[in-house]
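Working notes, beginning with the structure itself.
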Amino acid sequence: MASRGRAKLYCFFVITVRGNYRVSLANLQEALSERVRVAAQEAFGVAPEKLASEIPPKTEMGDLAFPVAFELAKLIKQTTGEKRPPRAIAEQLKTALETVPQVARVEVAGAGYLNIYFDRASVLAALAASEEAGTASLSSEPDARPKRMVEHTSINPNKASHIGHVRNAVLGDTFVRILRAAGEQVEIQNYIDNTGVQVADVVVGFMHLEHLTLEDIRALDRSLPADKPFDYYCWDLYTRVGLFYRNDDPNGEMNPERLKLRVETLHALEEGTGEIAELAEYVATRNVECILDTMERLGIRYDVLPRESEILHLHFWDKAFERMKAKGVIHFQDAGRNKGCWVMPFETHTGTDEHEADKIIVRSNGTVTYTGKDIAYQLWKLGLLGLDFNYRLFRSYPDQHTTWMTTVEPQADDGSQAARPHFGGGAVVYNVIDTRQSYPQEIVRRGVALLAPEVGEEASVHLAYEMVALSPAACDELGIQLTDEDRARPYIEMSGRKGLGVKADDLINRLEMNALKEVETRHPEVSAEERALTAHQIAVGALRYFLLKFTRNTVIAFDFKEALSFEGETGPYCQYAAVRANSIFRKLDEAARASAAEFIGAQDKAEVTGVLAGEGGDEVWSLAVLSGRLDEAVAQSAAQAEPALLAKYTFNLARAFNLFYHRHRIIAEENAARRAVLVTVADIARRQLTRALATLGIEVPERM
RNA sequence: GCGCCUGUAGCUCAGUGGAUAGAGCGCCUGUCUCCGGAACAGGAGGUCGCAAGUUCGAUCCUUGCCAGGCGCACCA
């Protein structure tokens, strides 16, 4: 389901890479692919539509391989009936590639692989040169490409965020960074469901369990300690409300009398006026602030916070409803189980006695479901609704970034309004939402496509990911009692209602404390502020990498030992490689750097070629080419909407650098040509590693 | 019942219609005349859930079966 529209996306990114002024191996690779296609067409009259290329498993087998001969053999047989051995076909194509200046030689290997060996010295010079140019001109070009929208985080504003929410936010934020690195224009939205059941429940808690007025709540909020702020308080209160509805028995039945309070409150929230609504507004807004504070710790920010209350009060839903009725997308049921409801038919799900096939959009009491509101919101995101929100400045950051929140008040605009970006109207919308919501997301996508066939289903992408659950060991550590049945399971689902989960700030605090301990023993000489900053950067690196190394469709069974680790395949491992690389350049004198540049850029490449062909040359070279594949990794990660690909690439680059670092003494190298190569490769690697980490939202500390 | 996802080393996970299926952790053995050991190297460890099919070639595609997870609300 999440794969919908991927084929199209891929095309975008090919263009992206091609249109990129930065020289990278991707360009060379593409040029070679084209060459092979043309050669095949000339020699055999046929060519595969899309030419696959791969990276050989070992450096000795070359830098790029085309398994094209196998496919050509098939095509030739199909068109002419002639049988040709793949190896012979490969031999014929070989000559066409040998004339490319950056290709040193071509070999036919195995059953018919075409293995390309780059001219190491000239490719290294190109990589070094593009490094210089790349950093200067990055993001300086105005971009006319259509805007992409990414919605992520979207936590119910009724409690503190937990590790599952953080997976969503980190995934979404990283995907945004990846799109931007690929040259896309992106708008970040964080949807605030401020009129839903979850907020209503906490309001019930404040009003009916604690008997507090809005003024009381404000006073309470002010009195809370910094390490247990408002969202923590709500976390516990929310759990208590859950128990209250069940007459204080966690496994008990819901008490219908007590549930009336929820319904009452919910109606008041939807109405949007009166004391209850005012109280809810305070609760929701304070929770949004707390959640944004937590996300800020992880380097995650938003452009706009659209609220459900505005979807309702600015009549987004009414307009969408009219359109759906007019287009016949939904039907009124005057009989049967769904009597009195407006439903959207859904024929791919077959109905049974227990499960209805159609999806209810408007309930028999006239209220709209979440799915209905989401269709209206999605239409707005795509610029198809013909209505807009009003906005107020919610937060501004020292670096000029601003975050806006929707509001009903048109006059909320103040002097700074001039600087407000235009929101909405994207060409493609990515919704980062838990895989469990695949079904409602599918309805939204289809509803939108039916209303706007011109954009179709491809404009809506559900960026689905699996949940974060708790490992049995983590439950033990949290003091959660498990039944024998639960203990036998691979993981235990978290539950906001039961207050069962690892709070984001608690985990970040623990990571920072652990990192600080390490930094203190290693660097007692630096200031306390710098140690704290470093510890923070390490903590963020550890957490973000931990959440990104799993592919989206893998359930993360959260384990403290794994999440708190700084060794092996972790963020800090990658950061450490970059820190080591930087320390080389801190100690390297100007003369050595100038001399390196001169050697690498020289017309006569004989000496550099000699070094790269000599002892240990393969290893040095493989670090250089791997560094040169960052753009490819980013493009692939964007096309597949899979940040884990970039995480793996980054780790492999760090690993390759650590090996290189271990094997070669760079500053002390006495042979000038050799030192020039080592310095240049180390420089390319550290910059690419830093760039890769930045795309994952991970900073490189000064020292660690 | 129907739909979607998953099954790969002791554990946690990558991976691809093609070259010897990889990494981290754990275990064992090594590496420091060093720009930082949060590191590096080596070793042990695999019927890629089972079975059939398609293919020159399947861990990958198809089908069936087994096992696990998620969903199929007038919740979101």
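Naming: A, B, ... by sequence-line order, numbering from 1 per chain. Just so it is clear, the model here is predicted, and its values are computed rather than measured.
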Distance below 4.0 Å between A:N365 side-chain N/O and B:C74 OP1 or OP2: no
Step-by-step side-chain contact (heavy atoms from CB on, under 4.5 Å) determination, A:E569 to A:Y545: CA-CA 9 Å; A:E569 194 194 339; A:Y545 191 91; 2.8 Å; yes
Touch class at under 4.0 angstrom, heavy-atom based, for A:K517 against every strand present: nothing
A:V620 side chain reached by A:L678 side chain, heavy atoms, under 4.5 Å: yes
Touch class at under 4.0 angstrom, heavy-atom based, for A:N514 against every strand present: nothing
Distance, C1' atom - from B:G45 to B:C25, rounded to whole angstrom: 14 Å
First of A:P57 and A:T570 reached from the 5' end of RNA chain B, by closest nucleotide: A:P57
Heavy-atom side-chain proximity of A:P643 to A:L696 below 4.5 angstrom: no
Distance, C1' atom - from B:A19 to B:G1, rounded to whole angstrom: 47 Å
Check: B:C74 base within 3.5 Å donor-acceptor of A:S364 side chain: yes
Rounded P spacing from B:C32 to B:A41 in Å: 15 Å
A:F321 and A:W317 aromatic ring geometry - parallel, tilted or perpendicular at 30°/60° bounds: parallel
Nucleotide nearest A:F651 (side chain, heavy atoms from C-beta), chosen from B:C70, B:A23, B:A76: B:A23
Rounded C1' spacing from B:A51 to B:C66 in Å: 11 Å
Span that lies between the P atom of B:U8 and that of B:G46, in whole angstrom: 15 Å
A:N431 and A:Q378 side chains, donor-acceptor separation under 3.5 Å: yes
A:E60 atom CD: more than 12 heavy-atom contacts under 6.0 Å: yes
Protein-nucleotide distance (A:I443, atom CD1; B:A73, atom C1'), rounded to Å: 11 Å
P atoms of B:C27 and B:G15, separation to the nearest Å: 27 Å
Plane angle bin for A:F651 and A:Y573 - parallel if under 30°, tilted between 30 and 60°, otherwise perpendicular: tilted
Over-ring placement of A:R510 relative to A:F560, 6.0 Å and 45° cut-offs: yes
Within-4.5 Å side-chain heavy-atom neighbours: A:T174 and A:L548: yes
I'd like a list of close polar pairs between nucleotides 10-13 of chain B and the protein, N/O only, cut-off under 3.5 Å.
unit_1, atom_1, unit_2, atom_2, d
B:C13, OP1, A:V555, O, 3.3

Euclidean distance for C1', B:C40 against B:U62 (whole angstrom): 46 Å
Nucleotide B:G22, atom C1' - distance to NZ of A:K58 in whole Å: 13 Å
Sugar-phosphate only, base, or nothing, as touched by A:D374 at under 4.0 Å among non-hydrogen atoms: nothing
Touch class at under 4.0 angstrom, heavy-atom based, for A:P67 against every strand present: nothing
Sub-4.5 Å side-chain heavy-atom contact between A:I163 and A:I556: no
Distance, rounded to the nearest Å, where A:N652 contributes CG and B:A23 contributes P: 10 Å
Atom-pair distance (CE on A:M494; P on B:C70), nearest Å: 14 Å
A:E442 CD to B:C5 C1', straight-line distance once rounded to whole Å: 14 Å
Donor-acceptor contact present, side-chain A:R552 to main-chain A:L171, <3.5 Å: no
Nucleotides 30-41 of chain B: protein proximity per nucleotide (B base, S sugar-phosphate only, - neither; heavy atom, under 4.0 Å): ----SBBSBSSS
Heavy atoms of other groups near A:E702 CD, more than 12 under 6.0 Å: no
Spacing of A:E466 atom CD relative to B:G7 atom P, expressed in whole Å: 12 Å
Touch class at under 4.0 angstrom, heavy-atom based, for A:Q198 against every strand present: nothing
Minimum-distance nucleotide to A:E569 side chain [options: B:G15, B:G24, B:C70]: B:G24
Strand RNA chain B as a dot-bracket string - pairs counted if Watson-Crick or G-U with both distances under 3.5 Å, | where the partner lies in another strand: (((((((..((((....[...)))).(((((.......))))).....(((((..]....))))))))))))....
Inter-nucleotide C1' distance (B:C65, B:C11), Å rounded: 28 Å
Sugar-phosphate, base or nothing in reach of A:P86, heavy atoms under 4.0 Å: nothing
Sub-4.5 Å side-chain heavy-atom contact between A:I538 and A:Q575: yes
Distance in angstrom units between A:Y491 OH and B:G7 P, rounded: 12 Å
Whole angstrom value for the distance that separates C1' of B:C56 from CD1 of A:I76: 15 Å
Lys/Arg cation over aromatic A:F585: A:R686, 6.0 Å, 45° cone: yes
